[in-house]
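Have a look at the structure below before the remarks.
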There are 2 protein chains.
Amino acid sequence: MLVCLFLFGYRDGMLNRTVRQRRTQEERSAETRARLIDATLDLLVDRGYALATTTDIAKRAGVTRGALNHHFSSKDDLVVQSVNHLLREWIGEIRQVAELVKAGSLSLSAFVDRMWELFSGKLFLVTLEHVTAARHNPYLREQLVSVTREFHAALDGTWQDFFDGTGLQKPEVGAAFNATLCLMRGMSLQTILRDDPAYYARLLGFWKTVLAGHSQQQRTGASAISDRTDQGGSQ
Amino acid sequence: MLVCLFLFGYRDGMLNRTVRQRRTQEERSAETRARLIDATLDLLVDRGYALATTTDIAKRAGVTRGALNHHFSSKDDLVVQSVNHLLREWIGEIRQVAELVKAGSLSLSAFVDRMWELFSGKLFLVTLEHVTAARHNPYLREQLVSVTREFHAALDGTWQDFFDGTGLQKPEVGAAFNATLCLMRGMSLQTILRDDPAYYARLLGFWKTVLAGHSQQQRTGASAISDRTDQGGSQ
DNA sequence: AGAAACAAACAGACAAGCATGCATGTTTGT
DNA sequence: ACAAACATGCATGCTTGTCTGTTTGTTTCT
């Protein structure tokens, strides 16, 4: 191996692909961190917070517990950073959707479907584990707040953009937004015990007509729906 | 003590209240079981499944781990029986509401509020812990199914009764029911991170108008809302 | 009716397993 | 040569289930 390094030079030799390539400290560090975060997220999903042991996480990531301990001061630190990472990723995703919305190239149906994609799958399960654990873990709870707020704000902004042209008043839009979020959260929760895509599709269909009908009803001037404005102090 | 028993007779002596009263085996057994179940439910709520240790449960119940182990074969057994107990209790509660509904003495608003009472508070937190644990615990999952079905069926029946006279078609009612359930589940979930009664009250208000408006819209003969019937194969 | 035999209810101690954090070495890059 | 990245073993604490011993209630037999 030493011979190899001598023969082919320190880095970027064309043949280095075959041997253990030399990387910078930063690269090494970044990769193991990434692998650990991925592994954490995976195990959070399919074992849950309590059963996702650091030993298993390290194993799954293909590194040793020593490496894990070197990069993250504790299990909770690892979990927090992992969840943060995931959430920020999705915030990016949301911003992309926002672009589509601004361009006006997204139907109500497609928009709702897009949101359901957000809420079904890995993201929800991870945050579910995180939230339930956070109920009894002050550190997790504390660390969770700010990112969640960010996430929620991004989503809310996109939503507002979408309904900007529909003639609905702000408070109504806010109420519909929060209701939609709660609905989807509830649907996701049910997903755990009931695996039935058609059922959720029907529910989504129902919701779309409600949203459509509701905005229509509003346009024709009906009663006030929420008693007060909800200016996004959401979590 | 032996003397006491001798003096006052075996059972039901008027003065026995002051001394350790003699109870039948069944009474003794029933009480400690009840205490253990209560303690389990409490700790499930404020420590979560993983952190609710049998040691703490026994301590909280005022009995020893030996007694716990005598009555329940394992921690999971205890948890399952506790949750079953709670759920059946609430099923009774639901049936009472059903009586009110049948008597016609419940407004839509009151009905929705009543459901929210079901979903906010202890019941939800317990089932949340149970469900999240059940995700990775086949035994819990298995045991959870039948009671949940019962619970859901009771609720669904009551709901159907309520909308029987509104002129809505069955499929619409079913869709609205499931949507309502999901909404409330989602609201409950949010409760963990956001304590803001006014917010939830607003959401509930929004939902009431949606339900009302929806049934109105239906009566005047609008489009179909759900593509297919949902005949309660819910979990 | 009273006492002995039995069974259920309960108490406390024990052992095994496991997860976390730390502390010590070793390799790799600067 | 120095520091960061990684590897490995150890020690502590905690939880669960089991096992043995004691108390309490019930039954049966005379």
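Reminder, nothing fancy here: chain letters follow the sequence lines and each chain counts from 1.
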Mind checking whether B:Gln81 and B:Asp77 have side chains closer than 4.5 Å, heavy atoms only?
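Side-chain contact under 4.5 Å: yes.
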
Would you kindly give the [atom1]-to-[atom2] distance between [X] and [N], to the nearest whole Å?
X       : N      : atom1 : atom2 : answer
B:Gln25 : D:dT27 : CD    : C1'   : 11 Å
A:Leu68 : D:dT8  : CG    : P     : 14 Å
A:Arg35 : D:dA5  : CZ    : C1'   : 14 Å

Does [N] have OP1 or OP2 sitting under 4.0 Å from an N or O in the side chain of [X]?
X       : N      : result
A:His71 : D:dC6  : yes
B:Thr54 : D:dT16 : yes
A:His70 : D:dA5  : yes
B:Ser29 : C:dA9  : yes
A:Thr32 : D:dC6  : yes

Determine whether a donor-acceptor pair (one donor, one acceptor, N or O, separation below 3.5 Å) exists between the side chain of B:Arg23 and the base of D:dG25.
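No.
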
Aromatic ring proximity, centroids under 6.0 angstrom, B:Phe119 and B:Phe124
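Centroid separation for B:Phe124 and B:Phe119: 6.0 Å or greater.
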
What about A:His152 and A:Phe177, are their ring centers closer than 6.0 Å?
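Yes; A:Phe177 has its ring centre under 6.0 Å from that of A:His152.
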
From the set C:dG21, C:dT28, C:dC10, return the single nucleotide nearest to any side-chain atom of A:Arg28.
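Looking only at heavy atoms from C-beta outward on A:Arg28, the closest nucleotide is C:dT28.
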
Could you let me know what D:dG21 is paired to, Watson-Crick or G-U wobble, both distances under 3.5 Å, or none if it's on its own?
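Result: C:dC10.
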
